[in-house]
There are 2 protein chains.
Amino acid sequence: MKPKIKDVAKLAGVSPTTVSRVLNNRGYLSVDVREKVAKAMKELNYIPNDLARSLYTQRTNLIGFIFPTTANPFYGELIFHMENASFERGYRVLLCNSSSQPEKEEQYVEMLLRNQVDGIISGAHNLGIKAYQHSLPIVAIDRYLSETIPVVSSDNYQGGRLASELLIEKKCKRILHINGTREMASPANKRRDAYEDVMKEHKMEALTYEIPVMGNAEEIISRLLDEQPDVDGIFASDDKIAARVIAEARKRGIKVPENLKVVGYDGTSFVRDIFPDLTTIQQPISDIAEKAVELLVEEIEGIFDPGSQKEFVFPVQLLEGTST
Amino acid sequence: MKPKIKDVAKLAGVSPTTVSRVLNNRGYLSVDVREKVAKAMKELNYIPNDLARSLYTQRTNLIGFIFPTTANPFYGELIFHMENASFERGYRVLLCNSSSQPEKEEQYVEMLLRNQVDGIISGAHNLGIKAYQHSLPIVAIDRYLSETIPVVSSDNYQGGRLASELLIEKKCKRILHINGTREMASPANKRRDAYEDVMKEHKMEALTYEIPVMGNAEEIISRLLDEQPDVDGIFASDDKIAARVIAEARKRGIKVPENLKVVGYDGTSFVRDIFPDLTTIQQPISDIAEKAVELLVEEIEGIFDPGSQKEFVFPVQLLEGTST
DNA sequence: TTGTAGGCGTTATCAA
DNA sequence: TTGATAACGCCTACAA
């Protein structure tokens with residue numbers, strides 16, 4: 001069996017309390033005892049049981065992440081940075097990929113609560129008021145979850161403007177937008193708002209092709225190119241869609257950027273690596289990740305009051321490739 | 001405070017034991033009591049504390065994942081599928097991204113042990129015998145960790161052959177390979193072995209450019225193209241490198257595939273989406289994920305004996321794009 | 001069919 | 001400076 005504090009105590013010839021003290025470096029301890037205990041721990045290869053500890057302390061140092069999917073590098077990178085930031089602060093991460101079963105998001109929340117997580121960071125969609133009711137520290141990324149849940153995001157409106165204005169500068173006459181549906185209360189909708197505002201300012205018609213959550217992007221892109229033969233500029237709401245637009249355009253002999261200019265969104269380092277030609281709006285993923293973890297941990301530790309500030313917005317950056 | 005079993009019991013007018021029974025559906029229970037308890041739980045919004053339960057049962061239903069980084073879609077997709085498979089089997093996932101601090105991998109293992117995980121799935125590099133010593137169920141993906149730890153992987157040798165032979169079929173005369181260094185005991189080395197075997201069989205010179213773990217791929221690719229003006233075929237050990245080769249070649253005015261043919265490796269769905277033109281060897285990621293979880297869970301539950309079979313290899317598939 | 005009591009491994013209070 | 005004891009929330013013999 002795994003050694004426990006009692007075993008260490010017996011071997012060191014002290015009481016369990018004393019062992020616990022050296023473990024947590026609390027109270028007065030003679031050097032002698034310290035050494036004896038340390039030796040016994042090493043000898044037994046003792047590893048403390050955090051379950052038992054957490055049961056008593058009422059703190060697990062566990063954070064739950066609820067995100068659509070690590071398979072998408074945007075979330076993958078976000079999660080990578082958040083996990084690092086959490087680890088640095090002494091927190092571990094319980095991972096939930098919600099996208100394969102969006103309706104199970106509530107199950108995930110309950111599971112996290114059963115596991116006594118100290119807080120949750122969510123970038124998923126449907127997480128309603130339910131989770132908040134449990135009065136657990138929560139931070140959202142790019143999603144409005146409720147009145148009192150702070151949201152960390154990039155400056156989506158600014159990003160939408162940058163992308164749209166770039167296409168105008170580049171003399172595009174017919175600029176279209178591709179985005180998800182408006183259903184979810186996401187700050188990402190502001191990308192579309194910005195696009196529409198910019199179009200209006202330039203007296204151009206705004207038209208957005210929507211891709212439903214479970215929709216077939218391929219098909220919608222095809223349809224767009226069929227229906228809009230005079231399109232010469234496309235602002236896609238993420239890099240994956242932008243890349244597909246370019247692939248489909250090439251297939252049809254439409255030259256990018258000569259005949260069609262395309263701007264994406266996200267600018268993950270993976271896509272930058274693999275597709276450096278793509279013009280895109282880069283989100284400061286590591287800043288967002290760092291901030292979200294910082295907020296959550298401060299909320300958990302009672303330093304940050306979630307009522308004090310609701311939104312944390314980070315600037316984006318336009319990265320010009322050769323697709324515009 | 002959070003309601004506990006005692007509170008539920010009081011409200012339902014029964015003993016805590018009875019509540020525990022309906023919770024676990026154990027022993028004999030009258031319908032009447034069942035309903036009363038259920039009602040009380042709902043009323044109090046009771047959520048069981050898995051910590052306490054685990055402390056007693058000595059099982060957490062927690063699995064630790066140790067992988068380089070979710071930022072790489074190959075791992076991102078693998079982890080996505082593994083998390084789903086785990087969830088379906090009633091297990092939750094503690095996530096560790098080891099790549100930012102490779103030397104901390106042992107810390108991660110210890111952390112997982114403190115958290116009393118039931119098992120570990122690892123695709124990281126340095127995890128030595130140490131972890132095995134703790135006699136915890138472990139499954140490795142694409143890494144040899146120790147004699148008794150089962151390895152799940154795709155058929156790397158076959159993949160290496162497919163890639164190399166394709167380039168030969170396509171009449172390439174000077175075929176190079178790009179891969180990581182040989183240091184780690186990884187089945188991925190077999191991709192290189194296969195390349196070398198195929199070259200030998202065709203009496204061609206084999207030459208591999210190595211990219212160290214922390215190395216600059218960009219630079220090495222540049223050097224390769226500088227030093228090897230007559231190269232007309234490259235087999236890259238992953239899609240990211242393949243894509244970079246293509247980007248660099250284009251920059252130099254080398255036409256792909258006319259003057260240079262490139263084959264990648266991995267074939268993640270993300271890269272397929274964003275770069276469908278790339279010829280690649282696709283790993284059956286979801287099969288690997290599913291198998292790894294299945295093995296681990298069976299080992300945890302005492303069904304699978306890790307001594308019985310050591311390797312689980314899944315076939316790969318050649319996907320031809322226009323880069324060859 | 002239901003309740004009592006003790007224990008899972010740790011920590012903190014209090015006394016020595 | 002150290003040790004006995006109770007408690008964290010739950011589960012299961014055993015008793016009723």
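Chain naming here is simple, since letters A, B, ... match the order of the sequence lines and numbering starts at 1 in each.
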Solution key, residues 14-22 of chain B side-chain donor-acceptor pairs under 3.5 Å, sequence neighbours excluded:
residue  : atom : partner  : partner atom : Å
Ser15(B) : OG   : Thr17(B) : N            : 3.4
Ser15(B) : OG   : Thr18(B) : N            : 3.3
Ser15(B) : OG   : Thr18(B) : OG1          : 3.2
Ser20(B) : OG   : Asn24(B) : ND2          : 3.4

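Residue-to-nucleotide proximity on DNA chain C shows that, of Tyr56(A) and Ala52(A), the 5′-proximal contact is made by Ala52(A).
Running 5' to 3' along DNA chain C, contacts with non-hydrogen atoms of chain A at under 4.0 Å begin and end at dG9(C) to dC14(C). On the nucleic acid side, DNA chain D contacts chain A at distances under 4.0 Å to non-hydrogen atoms, with the end points of that region at dT1(D) to dG9(D).
Shown here are the salt bridge (charged side-chain N to carboxylate O under 4.0 Å, His left out) partners of Arg59(A), two or more places apart in sequence or in another chain: Asp118(A). For Lys36(A), the salt bridge (charged side-chain N to carboxylate O under 4.0 Å, His left out) test picks out no residue, with sequence neighbours left out. With sequence neighbours excluded, the residues forming a side chain to side chain contact (heavy atoms under 4.5 Å, CB included) with Leu296(B) are Ile63(B), Ile121(B), Pro137(B), Val139(B), Ile300(B), listed by chain and number. Glu299(A) meets the salt bridge (charged side-chain N to carboxylate O under 4.0 Å, His left out) test with no other residue; sequence neighbours excluded. Contacts of Lys4(B) classified as salt bridge (charged side-chain N to carboxylate O under 4.0 Å, His left out), with partners at least two apart in sequence or in another chain: none.
Listed by first and then second residue, the salt bridge (Lys or Arg N to Asp or Glu O under 4.0 Å) pairs involving residues 67-89 of chain B are Arg89(B)-Glu290(B) (not counting sequence neighbours).
Here the CG atom belonging to Leu95(B) is positioned 9.5 Å from the OG atom belonging to Ser86(A), to the nearest 0.5 angstrom. If you take CE on Met82(A) and CD1 on Ile285(A), they are separated by 10.5 Å, rounding to the nearest 0.5 Å.
Taking the charged nitrogens against the carboxylate oxygens, Arg114(B) and Glu110(B) do have a contact shorter than 4.0 Å, which makes a salt bridge. A salt bridge links Arg92(B) with Asp50(B): at least one charged nitrogen is closer than 4.0 Å to a carboxylate oxygen.
Residues of residues 28-44 of chain A having a heavy atom closer than 4.0 Å to DNA chain D, listed by number: Tyr28(A), Leu29(A), Ser30(A), Val33(A). Against DNA chain C, the stretch residues 9-16 of chain B makes heavy-atom approaches under 4.0 Å through Val14(B), Ser15(B).
Other residues, nucleotides and ligands contribute over 12 non-hydrogen atoms within 6.0 Å of the NZ atom of Lys310(B). In this structure, Glu147(A) places its CD atom where only 12 or fewer heavy-atom neighbours from other residues, nucleotides or ligands lie under 6.0 Å away.
Rounded to 10°, the helix from dT1(C)-dA16(D) to dA16(C)-dT1(D) has 40° between the axis fitted to its first five pairs and the one fitted to its last five.
Residue contacts shown for Thr17(A) include a base, since a base heavy atom lies under 4.0 Å away. Contacts of Asn24(A) with the nucleic acid, taken as non-hydrogen atoms under 4.0 Å apart, involve only primed sugar atoms and P, OP1 or OP2. As judged by a 4.0 angstrom heavy-atom cut-off over every strand, Arg21(B) is placed among the base-contacting residues.
Asn189(A) and Asn156(A) share no donor-acceptor pair across their side chains, judged by distance under 3.5 Å alone.
For Thr70(A) (side chain) and Gly76(B) (main-chain N/O), a donor-acceptor pair under 3.5 Å exists by modelled atom type.
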